[in-house]
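Take a look at the structure below.
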Amino acid sequence: MAGDPHAGVAREDAEAVNKPQNRSLYAARAAIHPKAAHGPFRRLKWILLVVLLGIYYVSPWLRWDRPGNAPDQAILIDLANRRFYFFFIEIWPQEFYYVAGLLIMAGVGLFLVTSLFGRAWCGYACPQTVWTDLYMLVESKIEGDRNARIRLDAAAWTAGKIAKRSAKLAVWLLIAIATGGFWVFYFADAPTLLGELVTGTAPSAAYFTIAILTATTFTFAGFMREQVCTYMCPWPRIQGAMLDEDSLIVTYNAWRGEPRMAGRKKADAQGLTHGDCVDCNACVAVCPMGIDIRDGNQLECINCALCIDACNTVMEKVGNPKGLISYTTARIYAENAAGTHVTWTWRQLLRPRTIIYFSVWAAVGLAMLFTLIQRSQLDVNVVPDRNPLFVTLSDGAIRNGYTVKILNKRQQERGFRLAIDGLPGATMEMVGDSGEKGRSFDITVPPDKLRAVKIYVTTADPEVLEHERRNFHFRIEELGAAGEPERVSYDAIFHAPGEKE
């Protein structure tokens, strides 16, 4: 690197190897060795890395006391028993619409964030970014800074190089194994599964899942890095539809920086026109994607803003205002380029696109919250017999068969009274019971279980038999409730021969 004694800024020997003009599908990947950046955006990324990895690795070990035989793991996707537990919330298979709602909120939320701040998700919270940052931190601690890593890459294979590479790969592998291992802890009781994994008694699916996630984490974060974002991820192609002229994106303010020039004092002495950019390549050197932000808005840019930190450091050294590279909008850039000084304000976050996104996101969230608060701890489903629809008994009465399924969502045994309403002269008979007939039966349902009972409904009432179909109701009411008992009414149809002409 050649120093610039006038500006006091060293020019980085860095090339944007990942911009379209410099890459080829038929050439080996050119390694990118980002220089460590220092500044508020880098600190924000470190904070988010610690928080997000902390959530991922700690969450399976959180306990939550639940009554009965329910698991005490706070967050658990219990595939064997078809349950999803999230602290005090329990989701059953028939409530999958909550999962669908969360996916809709995640999608609309991503649209909202992109419309507001560009690819902020990619630059700060995407798992590929978070784990790649962690891997690069390990790499820098073992192999040294950017220049040391470049020299190590070019050096012959000595004992020292082998030792450093082996140490780095070993730590990477441990992180990858931990990543896969902690993922499976979300699907079973974490302490129990950990013991089974250590002793070799865990299900084969657990070992297979860990192996797959270990391989993908090790490969994607260790070796593919920016290629995952450039070639594999669809979001860079989709984001164009999410952005508008008021979206904040990382931008090189060419109207201020051009023409770029390194020897500022010499240029001033010669009367040459120059911008604020000293062509130091600091923005290129820190970029984890291997691009030059000065080439304009690019598909490869993940809006991590590390180039802003690097450029602001240089601007401080040369005595120029910060913000040569900054978060700005296309509208503000165009107005400043035209000579009108315009700055960004928080009011620009409120515009039709973002209001619509937020309204949809909030509406889905509030609807889910409302249904979650109002949902019953009792669920009933009645399945009528289809073949035959009805049976004519020897005394002329008509009998229909139904399977009544009562789901008790609580962790204690509950009693319910099953009755029929709206069917004159009808009686019920519960198969497998004493054979007694009546208008109601008491049924006990175990905790957190579904009980299915076969019911025969019989009537000889002419008012009912003269119609082929007659609507009536099964009524289920909780017995012995401490407070207000839960009640459910289920619409059903009674089939009969009807009047014959």
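Residues Gly118 and Leu243 share a closest heavy-atom pair of CA-CD2, 3.8 Å. Counting all heavy atoms, side chain and backbone alike, Thr354 lies closest to Ser115 at CG2-OG, 3.6 Å. Of all the heavy atoms in Leu197 and Ala202, the pair that sits closest is CD2-CB, 3.6 Å. Of all heavy-atom pairs spanning Pro34 and Met136, the tightest one is CG-SD, 3.8 Å. In plain terms, the two heavy atoms of Arg237 and Cys229 that are nearest each other are NH1-O, 4.1 Å. For the residue pair Cys283 and Val286, the shortest heavy atom distance occurs at O-CG2, 3.6 Å.
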Audit row: His33, Asp153, side chain to side chain donor-acceptor pair (under 3.5 Å) steps and yes/no: CA-CA 10 Å; His33 296 287; Asp153 262 0; 2.6 Å; yes
Working note: Met289 + Cys122, criterion side-chain contact (heavy atoms from CB on, under 4.5 Å); need CA distance, chi angles, decisive distance, verdict. CA-CA 11 Å; Met289 294 298 296; Cys122 301; over 6 Å; no
Working for side-chain contact (heavy atoms from CB on, under 4.5 Å), residues Tyr98 and Thr371: CA-CA 9 Å; Tyr98 286 113; Thr371 57; 3.3 Å; yes
Tyr252 vs Cys277, side-chain contact (heavy atoms from CB on, under 4.5 Å): CA-CA, chis, key distance, verdict: CA-CA 10 Å; Tyr252 168 65; Cys277 179; 3.5 Å; yes
Taking it one step at a time, do Arg294 and Glu258 satisfy salt bridge (Lys or Arg N to Asp or Glu O under 4.0 Å)? CA-CA 10 Å; Arg294 295 172 297 181; Glu258 298 298 322; over 6 Å; no
Please report the C-alpha distance between Asp309 and Arg42 in whole Å, then the side-chain angles of each, then the deciding distance to 0.1 Å, and finally whether the salt bridge (Lys or Arg N to Asp or Glu O under 4.0 Å) criterion is met. CA-CA 7 Å; Asp309 284 339; Arg42 178 66 270 183; over 6 Å; no
When you look at Thr114 and Trp235, which way does the side-chain contact (heavy atoms from CB on, under 4.5 Å) test go after all the steps? CA-CA 10 Å; Thr114 303; Trp235 187 239; 3.0 Å; yes
Show the numbers, then the answer: is there a salt bridge (Lys or Arg N to Asp or Glu O under 4.0 Å) between Asp189 and Arg63? CA-CA 10 Å; Asp189 182 65; Arg63 302 290 98 184; 3.0 Å; yes
Decide yes or no on salt bridge (Lys or Arg N to Asp or Glu O under 4.0 Å) for Glu143 and Arg151, but give the supporting numbers first. CA-CA 10 Å; Glu143 296 185 352; Arg151 289 194 299 269; over 6 Å; no
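At most 12 heavy atoms of other shown residues, nucleotides or ligands fall within 6.0 angstrom of atom CZ in Phe358. Counting heavy atoms of neighbouring residues, nucleotides and ligands inside a 6.0 Å radius, atom CZ of Phe208 does not exceed 12 of them. Within a 6.0 Å sphere centred on CZ of Arg375, heavy atoms belonging to other residues, nucleotides or ligands number more than 12. Other residues, nucleotides and ligands contribute only 12 or fewer heavy atoms inside 6.0 Å of the CZ atom of Phe88. The environment of CH2 in Trp183 is sparse: at most 12 heavy-atom neighbours from other residues, nucleotides or ligands sit within 6.0 Å.
Under 4.0 Å is where a charged nitrogen must lie from a carboxylate oxygen, and between Arg410 and Glu486 at least one such pair does. Remark: Arg331 does not engage Asp244 in a salt bridge, criterion side-chain N to carboxylate O under 4.0 Å. Under a 4.0 Å N-O distance rule, the pair Asp133/Arg225 does not qualify as a salt bridge. Ionic pairing of Glu90 and Lys409 is not present here: no N-O contact between side-chain nitrogen and carboxylate oxygen is shorter than 4.0 angstrom.
Inspection of the Ser326 and Asn253 side chains reveals an N or O donor paired with an N or O acceptor under 3.5 Å. Defined by atom type and a distance below 3.5 Å, a donor-acceptor pair is present between the side-chain atoms of Thr199 and Thr201. One side chain, Thr179 or Tyr57, offers a donor N or O that lies under 3.5 Å from an acceptor on the other.
Taking the six-membered ring for Trp and thresholds of 30 and 60 degrees, Phe111 and Tyr357 have ring planes inclined between 30 and 60 degrees apart.
By the 6.0 Å and 45° rule, Arg83 stacks over the aromatic ring of Trp92.
For the atom pair CG of Leu134 and CG of Leu53, the computed distance is 6.0 Å after rounding to the nearest 0.5 Å. Separating the OG atom in Ser166 from the NZ atom in Lys161 is a distance of 11.5 Å, to the nearest 0.5 Å. Ile32 contributes atom CD1, which lies 11.5 Å from atom CZ of Arg149 (distance to the nearest 0.5 angstrom). Distance NZ/Lys45 to CG/Leu306: 5.5 Å, rounded to 0.5 Å. For the atom pair NZ of Lys449 and CG of Asn408, the computed distance is 11.0 Å after rounding to the nearest 0.5 Å. How far NZ of Lys405 is from CG of Asn381: 6.0 Å, rounded to the nearest 0.5 Å.
In this structure, the side chain of Arg260 does not engage the main chain of Gly257 through any donor-acceptor pair within 3.5 Å. With Thr216 contributing its side chain and Leu213 its backbone, the two residues share a donor-acceptor pair below 3.5 Å. Side chain of Asn312 to main chain of Gly323: a donor-acceptor pair is present (N/O by atom type, distance under 3.5 Å, no hydrogens or angles). At distances below 3.5 Å, not a single donor-acceptor pair connects side-chain atoms of Gln298 with backbone N or O atoms of Glu300. Remark: the backbone N or O of Ile355 is paired with a side-chain donor or acceptor of Ser359 at under 3.5 angstrom.
Residues Leu193 and Phe185 form a side-chain contact, since some pair of their non-hydrogen atoms from C-beta on lies under 4.5 Å apart. Side-chain contact between Phe223 and Trp172: present, with at least one pair of heavy atoms (C-beta onward) separated by less than 4.5 Å. Within the 4.5 Å cutoff, side-chain heavy atoms of Thr132 are placed close to those of Gln128. Considering only heavy atoms from C-beta on, Pro321 comes within 4.5 Å of Arg256 through its side chain. Put simply, the side chain of Cys307 reaches to within 4.5 Å of the side chain of Ile325, judged on heavy atoms. The closest side-chain heavy-atom distance from Lys35 to Asp145 is not below 4.5 Å. Ile332 is listed as a side-chain neighbour of Asn336, based on a closest heavy-atom distance under 4.5 Å. Between Tyr207 and Val184 there is no side-chain heavy-atom pair separated by less than 4.5 Å.
For Trp131 and Tyr56, the ring centers are positioned less than 6.0 Å apart. Between Phe41 and Tyr124, the distance from one ring center to the other does not fall under 6.0 angstrom.
The side chain to side chain contact (heavy atoms under 4.5 Å, CB included) test applied to Asn303 returns Arg119, Ile249, Val250, Cys301, Tyr327, not counting sequence neighbours.
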